[in-house]
Amino acid sequence: MPPAEPSEPSRPAEPVKPVAPKTRPPRPTPAVEQDTFAAELRLLAQGQAALNRHDHAGALKIADQYQKTYPKGHFMEDRDALRVVALCGAASPRAATAARRFLRTYPSSIHAARVRDACAVPSDNL
């Protein structure tokens, strides 16, 4: 067996540098995606105030504005109830159809009794 060659003097091990996980910086949220809860609620409150003043045309405009501004908003059911009650209050020819559609779409809605009352739709007439 040949004699072992002398080895180089060992150096102290270099400290292992931690590797940061590769993460993406958070994407900025576009203004459209920001939470609109409070603004939506204010708009619906304006619509309700219009109904309280018997301003059915004003309530319909606000329901339309909500639809355009927040098509997938937090309060779509409330918006639809506002629209139906305003249509019924204005004696619109579309009111009965809109009321039945609302009651079919949201059968357990907290607004169901209000829609039935405003539109004179019996509960068995859906």
Side-chain angles (χ1 to χ4, degrees):
M1 183 181 253
E5 291 186 28
S7 61
E8 289 186 30
S10 63
R11 288 190 246 155
E14 290 183 29
V16 177
K17 295 179 183 175
V19 177
K22 291 184 179 184
T23 58
R24 294 180 181 168
R27 292 184 320 172
T29 305
V32 178
E33 292 182 21
Q34 289 178 356
D35 192 10
T36 57
F37 189 91
E40 290 178 52
L41 201 53
R42 279 191 301 274
L43 191 56
L44 287 173
Q46 291 171 10
Q48 182 56 50
L51 283 180
N52 292 345
R53 293 188 309 271
H54 303 284
D55 179 7
H56 303 109
L60 285 169
K61 284 180 185 175
I62 290 170
D64 290 343
Q65 180 183 351
Y66 184 102
Q67 173 66 37
K68 289 174 188 166
T69 308
Y70 311 108
K72 302 239 188 249
H74 295 285
F75 304 104
M76 293 185 303
E77 178 180 335
D78 305 271
R79 175 212 55 215
D80 291 348
L82 173 69
R83 176 176 285 123
V84 170
V85 171
L87 284 170
C88 292
S92 169
R94 300 175 301 162
T97 302
R100 284 191 295 276
R101 185 179 325 113
F102 178 88
L103 294 168
R104 276 193 310 270
T105 304
Y106 307 107
S108 302
S109 174
I110 61 171
H111 303 293
R114 180 178 179 212
V115 166
R116 281 190 190 96
D117 290 346
C119 301
V121 177
S123 58
D124 61 345
N125 189 10
L126 299 178

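Since we're looking at a predicted model, the values are computed, not measured.
- Rounding to the nearest 0.5 Å gives a distance of 11.0 Å between CZ of Arg94 and SG of Cys88.
- Thr105 contributes a side-chain N or O that, together with a main-chain N or O of Arg101, makes up a donor-acceptor pair within less than 3.5 Å.
- Residue pairs that meet the salt bridge (Lys or Arg N to Asp or Glu O under 4.0 Å) test with at least one member in residues 39-53, sequence neighbours left out, are Arg53-Asp55.
- Annotation: Phe37 is in aromatic contact with Phe75 [ring centroid separation under 6.0 Å].
- Between Val121 and Leu103 the shortest side-chain heavy-atom distance falls below 4.5 Å.
- Residues Tyr66 and Val85 fall within the same hydrophobic cluster, defined by Ile, Leu, Val, Met, Phe, Trp and Tyr side chains chained together at heavy-atom separations under 4.5 Å.
- Contact record, Phe102 with Ser109: CZ-OG, 3.6 Å, taken as the closest heavy-atom pair.
- In terms of heavy atoms, Tyr70 sits closest to Thr36 at CE2-CB, 3.6 Å.
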### Query
Yes or no on side-chain contact (heavy atoms from CB on, under 4.5 Å) for His74 and Asp35, after CA distance, side-chain angles and deciding distance?
CA-CA 9 Å; His74 295 285; Asp35 192 10; 2.9 Å; yes
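- Within 6.0 Å of CZ in Arg114 there are more than 12 heavy atoms belonging to other residues, nucleotides or ligands.
- A distance of 10.5 Å separates CD in Gln65 from CG in Leu44, rounded to the nearest 0.5 Å.
- From His56, atom NE2 reaches atom OG of Ser92 across 11.5 Å, with rounding to the nearest 0.5 Å.
- A distance of 11.0 Å separates CZ in Arg79 from OG1 in Thr69, rounded to the nearest 0.5 Å.
- Contact detail for Asp78 and His111: the closest heavy-atom pair is OD1-NE2, 2.7 Å.
- For the residue pair Ala50 and Ala59, the shortest heavy atom distance occurs at CB-N, 3.7 Å.
- Here the closest non-hydrogen pair linking Pro122 and Ala120 is CD-O, 3.5 Å.
- Across all non-hydrogen atoms, the minimal contact from Leu82 to Gln48 is CD1-N, 4.0 Å.
- No single ILVMFWY cluster, assembled from side-chain heavy atoms under 4.5 Å apart, contains both Leu87 and Leu51.
- In this structure Arg83 satisfies the salt bridge (charged side-chain N to carboxylate O under 4.0 Å, His left out) test together with Asp64, Asp80, sequence neighbours excluded.
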